[in-house]
Amino acid sequence: MASIPVALVIPLVLTGLALLVTYLVLGPSKYDGPSSGKGVVVHVLVLGDIGRSPRMTYHALSIAKHGGKVNLIGYLETPPHPSLLSSPSITIHALPPPPVRPARIPFLLFAPFKVLHQFFCLFALLSYTLPSSQWLLVQNPPSIPTLFIASLVCRLHSTKLLIDWHNYGWTILSSTRGPRHPLVYIAKLYECLFGRLGDHNLTVTHAMARQLRLPPYKIQGPITAVHDRPAEIFKPMWWGKARQDVLERVLPVEQRDLVPSIMEGNTKLIVSSTSWTRDEDFGILLDALVAYAADPVSETTPVLAVITGKGPQKEMYLAQIAELTRSGQLPNVSIVTAFLPFEDYAKLLACADLGVCLHMSSSGVDLPMKVVDMFGAGLPVAAFCGYESFGELVKEGVNGRGFETYGELSIILRTLLSPEGSGELEVLRKGAVKEGARRWDEEWDAKVAKIMGFAA
């Protein structure tokens with residue numbers, strides 16, 4: 001067991017030392033621009049797809065609104081938010097795609113190679129290509145090699161490191177590789193060590209902020225909880241022609257004949273956004289819809305379920321949906337998938353009757369951004385509730401309902417989508433509108449702007 005961690009760590013350490021020595025010989029540049037206010041240079045780093053990183057996108061836009069100059073670094077796999085492309089104060093730096101693991105190579109052998117590739121790309125960009133910055137804002141996770149690179153570059157350039165904790169990398173790895181996998185052990189040690197090196201830390205929940213003070217993290221530096229809040233693009237939509245126009249445009253062609261029925265309330269529209277990964281058990285929603293449809297047709301309201309998103313398990317679940325439909329287990333229920341542009345997704349949420357969130361927190365202390373967006377659009381939610389921080393966002397019976405099993409979700413669907421449940425659904429809708437009233441700009445200005453020197 002001990003030889004495996006050494007074998008994985010040694011190449012990274014040797015490479016880092018070699019680059020560090022070379023860089024020190026050449027002499028690292030120091031940031032000499034404004035330290036606060038207009039003109040401050042900020043690097044924003046997300047080792048993921050920028051188009052699917054809404055929180056980091058909002059950070060970049062907020063910094064730009066306050067006069068900062070942003071270098072946004074990440075992968076370009078899906079179209080970014082249109083405002084990123086139109087802002088003269090934001091420059092996107094696309095990272096080269098990471099290597100893809102061949103099926104014949106074990107994960108344990110491939111992982112170090114992928115890490116080294118990312119290490120070289122990030123170090124070259126942050127140390128040689130881009131100028132020095134006052135702040136480096138980093139999303140965590142992914143932690144490897146981001147936190148190491150970020151802390152190294154910040155020390156060399158006298159840059160302040162701001163770590164935005166969305167979750168824990170090692171718990172996500174544990175959910176896919178198992179808690180006893182050697183890489184999980186390494187990832188946990190690594191994250192706890194380098195996670196202490198930030199000049200300031202942001203978290204998505206108060207529960208996470210409390211947890212980071214305790215072992216094994218033991219962070220001593222400042223920690224501020226900054227809840228995700230909806231961007232201005234997510235807003236409630238008045239019932240009427242605007243809703244009809246959106247549905248006729250964004251629904252798949254084969255489902256557009258249902259628009260009149262949806263508008264009249266005879267068919268209920270539910271929306272779920274998923275990454276089609278193991279941390280979201282889409283099977284719960286499928287089983288709940290099968291149970292819902294098992295009631296006599298005369299006693300159930302027809303449902304159109306639109307599932308948005310991309311991910312590795314999508315084809316597997318599409319095959320299951322097709323089989324359930326063929327076998328007659330989904331009478332009165334239609335399930336379609338879509339991947340929509342940002343603006344259309346926001347409008348679809350505002351047109352729906354109920355949102356469903358299947359997010360299962362690997363750490364127990366993060367929160368799903370998709371529920372925040374649903375509240376911004378005035379959409380009540382039914383969400384998986386089996387984790388500590390759930391109550392920081394969803395208030396049972398106020399703006400949503402919680403479930404842990406498909407049976408509980410099925411009961412929620414029967415209750416809220418029935419004619420008798422329209423009153424309760426309207427109460428939840430009003431609660432969602434109220435929860436979504438506080439926007440990202442308000443949250444960011446009150447907390448992060450002060451940390452970064454954009455506000456007193």
Side-chain angles (χ1 to χ4, degrees), residues 23 28-48 50 53-74 80-81 83-84 87-93 95 121-143 145-166 194-204 209 212 219-226 228 440-441 443-456:
Y23 194 61
S29 61
K30 304 293 184 182
Y31 177 69
D32 58 0
S35 60
S36 62
K38 189 174 182 179
V40 168
V41 178
V42 180
H43 298 335
V44 178
L45 171 60
V46 49
L47 197 60
I50 293 174
S53 302
R55 184 173 167 100
M56 302 308 285
T57 292
Y58 300 159
H59 275 305
L61 292 172
S62 294
I63 294 167
K65 285 180 182 177
H66 284 77
K69 296 179 180 179
V70 181
N71 291 301
L72 179 56
I73 304 160
H81 192 292
S83 296
L84 291 177
S87 174
S89 299
I90 299 175
T91 303
I92 296 177
H93 300 270
L95 293 170
C121 294
L122 288 175
F123 192 87
L125 182 63
L126 292 170
S127 297
Y128 293 96
T129 305
L130 295 179
S132 299
S133 62
Q134 173 70 5
W135 287 94
L136 174 56
L137 171 56
V138 177
Q139 173 184 306
N140 183 72
S143 310
T146 316
L147 292 181
F148 173 61
I149 289 290
S151 57
L152 174 62
V153 169
C154 285
R155 295 306 178 269
L156 290 173
H157 291 266
S158 298
T159 294
K160 294 181 180 179
L161 176 59
L162 181 58
I163 303 176
D164 191 13
W165 295 78
H166 296 196
F194 288 102
R196 299 169 188 164
L197 301 181
D199 294 285
H200 205 114
N201 299 271
L202 309 178
T203 62
V204 294
L212 287 175
I219 291 179
Q220 301 298 316
I223 303 176
T224 303
V226 180
D228 285 319
W440 171 262
D441 285 343
E443 183 81 358
W444 200 91
D445 291 352
K447 297 178 179 180
V448 187
K450 294 179 180 179
I451 295 170
M452 303 186 76
F454 290 109

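Computation of the quantities below employed the complete heavy-atom set of this structure, encompassing side-chain atoms and omitting hydrogens, waters and symmetry-equivalent molecules. Positions are given from 1 along the sequence.
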Item to check | Close aromatic pair by centroid cut-off 6.0 Å: Trp444 and His66 | outcome: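 Close enough - the centres of the two rings lie under 6.0 Å apart.
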
Item to check | Candidates Val204, Ile223, Leu202, Asn140 - the one meeting side chain to side chain contact (heavy atoms under 4.5 Å, CB included) with Trp165 | outcome: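 Among Val204, Ile223, Leu202, Asn140, the one meeting side chain to side chain contact (heavy atoms under 4.5 Å, CB included) with Trp165 is Asn140.
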
Got a sec, which residues hit side chain to side chain contact (heavy atoms under 4.5 Å, CB included) with [X], two or more places apart in sequence or on another chain?
X	result
Thr91	Asn71, His93
Pro141	Ser143, His166, Asn167, Ile172
Ser133	Val41, His43, Thr159

Next on the checklist: Working note: Leu122 + Leu47, criterion side chain to side chain contact (heavy atoms under 4.5 Å, CB included); need CA distance, chi angles, decisive distance, verdict.
Outcome noted: CA-CA 9 Å; Leu122 288 175; Leu47 197 60; 4.1 Å; yes

Checklist entry - For Asp199, what residues pass the salt bridge (charged side-chain N to carboxylate O under 4.0 Å, His left out) criterion, not counting sequence neighbours? => result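 Expected list: none.
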
Kindly list each side-chain donor-acceptor pair under 3.5 angstrom involving residues 145-152, sequence neighbours excluded, with atom names and distances?
unit_1 : atom_1 : unit_2 : atom_2 : d
Thr146 : OG1    : Pro142 : O      : 3.2
Ser151 : OG     : Leu147 : O      : 2.9
Ser151 : OG     : Phe148 : O      : 2.9

Spacing of [atom1] belonging to [X] relative to [atom2] belonging to [Y], to within rounding of 0.5 Å:
X	Y	atom1	atom2	answer
Leu197	Ile163	CG	CD1	7.0 Å
Leu45	Ile73	CG	CD1	5.5 Å
Arg196	Asn201	CZ	CG	12.0 Å
Ile50	Leu72	CD1	CG	4.0 Å
Arg55	Asp164	CZ	CG	4.0 Å
Gln134	His157	CD	NE2	13.5 Å

Listed pairs under 3.5 Å, donor-acceptor, residues 447-456 side chains, sequence neighbours left out:
unit_1 : atom_1 : unit_2 : atom_2 : d
Lys447 : NZ     : Ala225 : O      : 2.9
Lys447 : NZ     : Glu443 : OE2    : 2.9

Search all heavy atoms of [X] against all heavy atoms of [Y] and return the closest pair with its distance.
X	Y	answer
Ile90	Ala60	CD1-O, 3.7 Å
Gly195	Ile219	O-CD1, 3.4 Å
Ala64	Ser89	CB-CB, 3.9 Å

Checklist entry - Is there side-chain contact between Lys65 and Asp441, with heavy atoms separated by less than 4.5 Å? => result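 Result yes, sub-4.5 Å side-chain heavy-atom pair found.
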
Next on the checklist: Is there a side chain to side chain contact (heavy atoms under 4.5 Å, CB included) between Asp228 and Trp440? Walk through the geometry before answering.
Outcome noted: CA-CA 7 Å; Asp228 285 319; Trp440 171 262; 4.2 Å; yes

Checklist entry - Is a side-chain N or O of Ser87 found less than 3.5 angstrom from the main chain of Ser83, in a donor-acceptor match? => result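 Flag not set: sc Ser87 to bb Ser83 has no pair under 3.5 Å.
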
